[in-house]
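One structure below.
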Amino acid sequence: MVSTLPRKKTYNSSELSRNSSAVFDAAAQHPVTVNRRNSENFVLMTEERAEAERKLLALAAQLVAISTRTDGTLADRMAEHYPWMFAFSEEYRDECAQAVLEAARASFSTGQPHLAVAELHAWRGTADALAAGLGNARVEWLTEDEEVERP
């Protein structure tokens, strides 16, 4: 069923009652505000979006705690909160710390929680791979001249 309601971010509570599927469809795409007469408005969003925002706030709390301390380098302070960073060399710990902070700033300024959380998880995955010894494997690159047998 195609909705006849225009795509918008604000709906009246009466629209939610009359055409809930259109409001829910919009909320599946982005958070929507449901205006209520003589009462506080509600924000309707998916559980996945709410969880992403919760994770971003938790990350923000960690980064504020880390950045307000003055002892050691930023990377050292972050590694205390995220011990998996010790799998990296000092240079990569610095790079990781900077990348996570930049992604967090982008998340906060764009309202896209997944940017910071994905960056943190990507670095964690790399640390896990290095700790498992995958960084020591010899890589043999194929050249364009070599034929690859496909099954």
Side-chain angles (χ1 to χ4, degrees), residues 1-135 137 139 141-142 150:
M1 174 180 175
V2 176
S3 170
T4 58
L5 291 175
R7 291 185 62 94
K8 56 184 178 177
K9 290 188 177 185
T10 302
Y11 294 91
N12 293 323
S13 60
S14 59
E15 289 176 285
L16 181 59
S17 298
R18 282 192 316 262
N19 197 351
S20 60
S21 64
V23 178
F24 289 139
D25 287 346
Q29 300 303 312
H30 51 77
V32 297
T33 301
V34 177
N35 291 324
R36 298 171 55 208
R37 278 191 218 139
N38 304 322
S39 191
E40 190 173 359
N41 295 337
F42 287 114
V43 174
L44 183 63
M45 68 178 73
T46 64
E47 185 176 14
E48 180 181 4
R49 174 66 184 227
E51 179 64 15
E53 290 188 5
R54 188 199 64 73
K55 287 180 179 179
L56 180 61
L57 286 175
L59 176 59
Q62 292 295 324
L63 294 177
V64 167
I66 290 165
S67 63
T68 56
R69 289 183 30 213
T70 57
D71 58 316
T73 67
L74 174 64
D76 291 341
R77 295 188 310 261
M78 280 187 72
E80 286 181 29
H81 283 274
Y82 304 109
W84 49 263
M85 288 179 65
F86 289 114
F88 297 133
S89 66
E90 188 175 332
E91 175 187 345
Y92 285 122
R93 278 196 301 272
D94 290 338
E95 187 177 329
C96 172
Q98 195 60 42
V100 170
L101 279 180
E102 288 172 5
R105 290 181 66 197
S107 284
F108 301 142
S109 65
T110 63
Q112 300 296 318
H114 67 279
L115 298 174
V117 174
E119 187 73 24
L120 186 66
H121 287 294
W123 279 100
R124 169 67 191 259
T126 302
D128 289 344
L130 289 172
L134 298 178
V139 177
W141 296 99
L142 297 176
R150 303 209 188 272

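If you're wondering where the values come from, they're calculated on a predicted model, not measured in any experiment.
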Checklist entry - Where the side chain of Ser20 meets the backbone of Ser17, is there a donor-acceptor pair that is under 3.5 Å apart? => result no
Checklist entry - With side chains defined as the heavy atoms from C-beta onward, is the minimum distance between Asp128 and Arg124 less than 4.5 Å? => result yes
Next on the checklist: Going by the rule ring-ring contact (aromatic ring centres under 6.0 Å, His included), which residues pair with Phe88 if we only count those two or more places apart in sequence or in a different chain?
Outcome noted: Trp123
Checklist entry - Considering all heavy atoms of both residues, which atom of Met85 and which atom of Ala97 are nearest to each other, and what is their separation? => result CE-N, 4.2 Å
Item to check | Expected output: side-chain Ser107 to main-chain Gln112 donor-acceptor under 3.5 Å | outcome: yes
Checklist outcome for this item: Tyr11 and Ala22 have their tightest heavy-atom pair at OH-O, 4.3 Å
Item to check | Arg77 side-chain N/O to Gly72 backbone N/O, donor-acceptor pair under 3.5 Å | outcome: yes
Checklist entry - Can you name the residues that form a side chain to side chain contact (heavy atoms under 4.5 Å, CB included) with His81, not counting sequence neighbours? => result Gln62, Ile66, Arg69
Checklist entry - Glu15 side chain to Asn12 main-chain N or O, any donor-acceptor pair under 3.5 Å? => result yes
Next on the checklist: Would you compute the distance between atom NE2 of His30 and atom CG of Leu44 and round it to the nearest 0.5 angstrom?
Outcome noted: 11.0 Å
Checklist outcome for this item: Rounded to the nearest 0.5 angstrom, the CH2-CG distance for Trp84 and Leu130 is 11.0 Å
Item to check | Minimum heavy-atom distance Ala104-Ala116, with the two atoms named | outcome: CA-CB, 3.5 Å
Checklist outcome for this item: Contacts satisfying salt bridge (charged side-chain N to carboxylate O under 4.0 Å, His left out) that involve residues 54-64 (not counting sequence neighbours) are Glu51-Arg54
Item to check | Side-chain heavy atoms of Arg93 within contact of Met78, under 4.5 Å | outcome: no
Next on the checklist: Within the 4.5 Å heavy-atom criterion, are Pro31 and Arg49 side-chain neighbours or not?
Outcome noted: yes
Item to check | Derivation of the salt bridge (charged side-chain N to carboxylate O under 4.0 Å, His left out) call for Glu40 and Arg36 | outcome: CA-CA 6 Å; Glu40 190 173 359; Arg36 298 171 55 208; over 6 Å; no
Next on the checklist: So for atom CZ, which belongs to Phe108, do other residues, nucleotides or ligands contribute more than 12 heavy atoms lying within a distance under 6.0 Å?
Outcome noted: yes
Item to check | Validation row: Asn41, Thr10 side chains within 4.5 angstrom (heavy atoms) | outcome: no
Checklist entry - With a 4.5 Å heavy-atom cut-off, do Glu90 and Asp76 have their side chains touching? => result no
Checklist entry - Which value, rounded to the nearest 0.5 Å, describes the distance between Leu115 atom CG and Glu119 atom CD? => result 9.0 Å
Item to check | Side chains of Ser14 and Leu16 in contact at under 4.5 Å (non-hydrogen atoms) | outcome: no
